[in-house]
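Step one of this worksheet: look at the structure below.
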Amino acid sequence: MAKNIKKRSASHIYFGVNKLTGELKHISEVPSGQKCNCICAACLQPFEARKGTRRRHHFAHVSNYECMYASEVAIYKAFAEALKQSGFLTLSPVMLRFPAWHDPELLQEARRLKIDSVAFECEPLSYPPLLRVTMQGTPLRILLDFDRYYDDDDRVELAEEAKAEDYSLLLISMPKIEQDTEFTPDRLQSALQDNDRTEWVFSRLEEQWKQKYYAVAVSPPEHGTGNLCPISFGKYKGKYSARWIDCAHCHFNVAQPPCCLCVAGAGIQKKEDFKRDLQDRLFDIDKIRRTNEEEIRLREERERSFERRSVYPRPTPYAARPVVPAGPTQEELDAEYIRICQSYDPTSDEWTVDRYNRRWIMCTVCGRIKQDAQMSYYGGKGGANRGVCADCPRNGRS
């Protein structure tokens with residue numbers, strides 16, 4: 001992948017290539033002027049070393065040729081030399097991610113591996129160079145990201161290229177080219193051990209696990225305004241089903257929302273489940289549904305109990321009977337509703353529940369704040385306190 005780079009000042013070139021030996025030299029290691037005997041790593045044109053007292057020491061093209069990639073390519077080559085000298089590279093943890101997941105799953109801890117081979121290739125006037133290493137027989141390409149140069153679209157394109165050519169791609173964050181103290185042989189060596197600066201753009205290990213999930217995932221049959229669901233506690237026409245918006249943000253969905261590829265039917269909750277017996281996995285899935293169903297039933301019973309006690313208070317027949325705390329009065333319920341409305345935050349990820357354990361949702365159509373039982377649908381990622389009430393669709397509002 002080649003991407004245009006803004007022209008940089010010639011004073012930011014810190015490495016040159018000895019034209020006789022091919023050895024990479026830092027500006028601090030050569031004499032001034034053309035006696036440095038170096039050429040540019042990118043265009044192969046002659047260098048001179050400028051080591052005065054007014055400006056920072058740097059290489060410059062003898063012919064004042066403006067080479068757009070000189071600084072970056074030279075640092076890539078210096079990084080390749082540092083890899084060869086070290087013989088080891090620290091890799092960041094490998095995580096499994098799907099778009100609908102809130103939390104990734106750890107596949108492999110951070111580790112320091114021995115390097116089997118290092119290969120550096122750069123055609124004249126091309127960018128970025130190919131810097132590849134092999135560790136334990138696994139190919140890995142390293143990409144240096146100077147000052148957050150690559151955006152999200154670049155990373156998608158780079159990941160697709162790595163997947164097609166079957167290698168992992170590791171991005172290493174680098175400071176601005178202008179920070180000359182960061183680009184010395186010693187500093188580059190230390191960068192090899194700093195896994196906080198690394199990021200997986202594409203991991204072959206993650207891709208292998210994704211394929212395992214895809215192999216057992218199915219597109220759930222549509223039912224009503226959603227899909228049939230093995231973990232849902234809600235029913236529609238006698239069948240357990242989930243709304244499409246719930247499927248889009250469900251941990252069992254391994255597709256890109258709003259599509260759904262569900263692994264709940266295979267009983268897969270985490271990667272360790274692939275080693276378990278199918279019957280045991282499905283029992284755990286059914287237990288999730290039954291637990292959710294029981295929680296909803298208990299909550300509804302508590303709400304009905306509060307309502308009965310507030311509307312139909314039971315008198316005490318005689319003074320000797322133990323005093324049972326009464327439920328909230330209607331005035332208390334109204335006061336609590338006013339308090340909820342005054343402090344309501346529809347953007348919060350936390351449920352809005354009052355002191356009587358009633359959950360409140362804001363309708364995005366009419367703007368009213370109502371109990372969850374009065375809503376047509378609500379919840380989902382980024383919308384825990386928002387939804388559409390049942391009245392709006394019936395009245396033709398959408």
Side-chain angles (χ1 to χ4, degrees), residues 1-3 5-6 8 12-15 24 26 41-42 69-95 97 104 106-122 126-136 138-163 165-207:
M1 172 184 174
K3 185 175 178 181
I5 295 179
K6 295 180 181 179
R8 306 196 185 276
H12 300 146
I13 305 175
Y14 312 121
F15 293 93
L24 194 71
H26 187 258
Y69 310 103
S71 303
E72 289 84 354
V73 173
I75 294 171
Y76 262 99
K77 190 170 181 62
F79 205 89
E81 294 299 324
L83 287 168
K84 292 177 182 178
Q85 294 175 12
S86 170
F88 289 89
L89 178 62
T90 300
L91 301 178
S92 55
V94 179
M95 311 298 292
R97 293 178 172 87
L106 177 66
L107 296 178
Q108 185 173 275
E109 298 277 1
R111 55 181 183 163
R112 186 170 182 260
L113 293 182
K114 187 178 185 300
I115 298 173
D116 300 327
S117 64
V118 179
F120 174 82
E121 300 176 23
C122 185
S126 67
Y127 190 87
L130 281 175
L131 176 55
R132 299 194 186 191
V133 300
T134 303
M135 296 177 293
Q136 298 181 347
T138 301
L140 168 67
R141 181 182 177 184
I142 296 175
L143 201 65
L144 303 182
D145 188 16
F146 297 96
D147 191 29
R148 299 180 180 177
Y149 178 70
Y150 294 101
D151 58 27
D152 292 340
D153 291 337
D154 296 329
R155 298 184 186 204
V156 170
E157 184 177 345
L158 287 163
E160 291 175 351
E161 181 179 329
K163 181 178 180 180
E165 298 186 18
D166 196 28
Y167 60 78
S168 295
L169 180 57
L170 187 69
L171 193 73
I172 300 181
S173 298
M174 304 295 287
K176 293 181 179 181
I177 292 290
E178 291 84 348
Q179 299 180 26
D180 58 325
T181 57
E182 294 294 324
F183 298 104
T184 64
D186 290 341
R187 293 294 293 169
L188 292 180
Q189 279 285 355
S190 65
L192 300 179
Q193 315 306 327
D194 187 3
N195 65 343
D196 290 335
R197 296 169 59 171
T198 62
E199 174 188 352
W200 290 104
V201 177
F202 178 78
S203 167
R204 296 172 74 226
L205 178 61
E206 182 186 13
E207 181 62 22

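Looking only at distances, a side-chain donor or acceptor of Ser168 sits under 3.5 Å from a matching main-chain atom of Arg204. Side chain of Ser86 to backbone of Leu83: no donor-acceptor contact under 3.5 angstrom is found. Judged by distance alone, the side chain of Asp147 and the main-chain N or O of Tyr149 form no donor-acceptor pair under 3.5 Å. Judged by distance alone, the side chain of Gln189 and the main-chain N or O of Ala82 form a donor-acceptor pair under 3.5 Å.
Under the salt bridge (Lys or Arg N to Asp or Glu O under 4.0 Å) rule, Asp145 has a single partner from Arg197, Lys176, Arg155, which is Arg155. The side chain to side chain contact (heavy atoms under 4.5 Å, CB included) test with Leu170 is passed by exactly one of Leu140, Leu131, Leu143, Val201: Leu140.
Inter-residue side-chain proximity for Arg111 and Thr90 is flagged as unmet; no heavy-atom pair is nearer than 4.5 Å. Counting heavy atoms from C-beta on, the side chains of Phe146 and Ser173 never come closer than 4.5 Å. A heavy-atom distance below 4.5 Å is not found between the side chains of Leu158 and Phe202.
Contact detail for Pro139 and Asp166: the closest heavy-atom pair is CG-O, 3.7 Å. Val73 and Ala41 get closest at one heavy-atom pair: CG1-O, 3.7 Å. Shortest non-hydrogen contact noted between Pro128 and Arg141 is CG-NH2, 3.6 Å.
Taking the charged nitrogens against the carboxylate oxygens, Glu72 and Lys77 have no contact shorter than 4.0 Å, which rules out a salt bridge.
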For a quick test of your reading: what N or O donor-acceptor pairs under 3.5 Å do the side chains of residues 113-122 make, sequence neighbours left out?
from   : atom 1 : to     : atom 2 : distance (Å)
Asp116 : OD2    : Gln136 : N      : 2.8
Asp116 : OD2    : Gly137 : N      : 3.4
Ser117 : OG     : Thr134 : OG1    : 3.3

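Here Gln179 contributes atom CD and Arg187 contributes atom CZ; the two are 9.5 Å apart, rounded to the nearest 0.5 Å. For the atom pair Glu160 CD and Leu169 CG, the distance stands at 12.5 Å (nearest 0.5 Å). Atom-to-atom distance recorded for Glu157:CD and Tyr150:OH is 10.5 Å, nearest 0.5 angstrom.
For Asp196, there are no salt bridge (Lys or Arg N to Asp or Glu O under 4.0 Å) partners, not counting sequence neighbours. For Lys163, the side chain to side chain donor-acceptor pair (under 3.5 Å) partners at least two apart in sequence or on another chain are Glu207. In this structure Arg112 satisfies the salt bridge (Lys or Arg N to Asp or Glu O under 4.0 Å) test with no other residue, sequence neighbours excluded. Applying the ring pair (Phe, Tyr, Trp, His ring centres under 6.0 Å) rule to Phe79 yields no partners; only residues at least two apart in sequence or on another chain are considered. Contacts of Pro104 classified as side-chain contact (heavy atoms from CB on, under 4.5 Å), with partners at least two apart in sequence or in another chain: Met95, Arg97.
Ring geometry, Tyr76 versus Tyr127: the interplanar angle exceeds 60°, so the pair is classed perpendicular (tilted spans 30 to 60°).
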Query - Full working for side chain to side chain contact (heavy atoms under 4.5 Å, CB included) between Leu188 and Met174 - result: CA-CA 10 Å; Leu188 292 180; Met174 304 295 287; 3.9 Å; yes

Query - Test log, rule salt bridge (Lys or Arg N to Asp or Glu O under 4.0 Å), inputs Arg132 and Glu165 - result: CA-CA 13 Å; Arg132 299 194 186 191; Glu165 298 186 18; 3.4 Å; yes

Report task. Under the side chain to side chain contact (heavy atoms under 4.5 Å, CB included) rule, what do Leu91 and Leu89 come out as? Steps first, then yes or no, please. Result -> CA-CA 6 Å; Leu91 301 178; Leu89 178 62; 3.8 Å; yes

Query raised in the report: Where do Ile177 and Ile75 land on the side chain to side chain contact (heavy atoms under 4.5 Å, CB included) test, with the steps shown first?
Result: CA-CA 9 Å; Ile177 292 290; Ile75 294 171; 3.6 Å; yes

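Side-chain atoms of Trp200 and Ser92 form a donor-acceptor pair, as typed in the model, at a separation below 3.5 Å.
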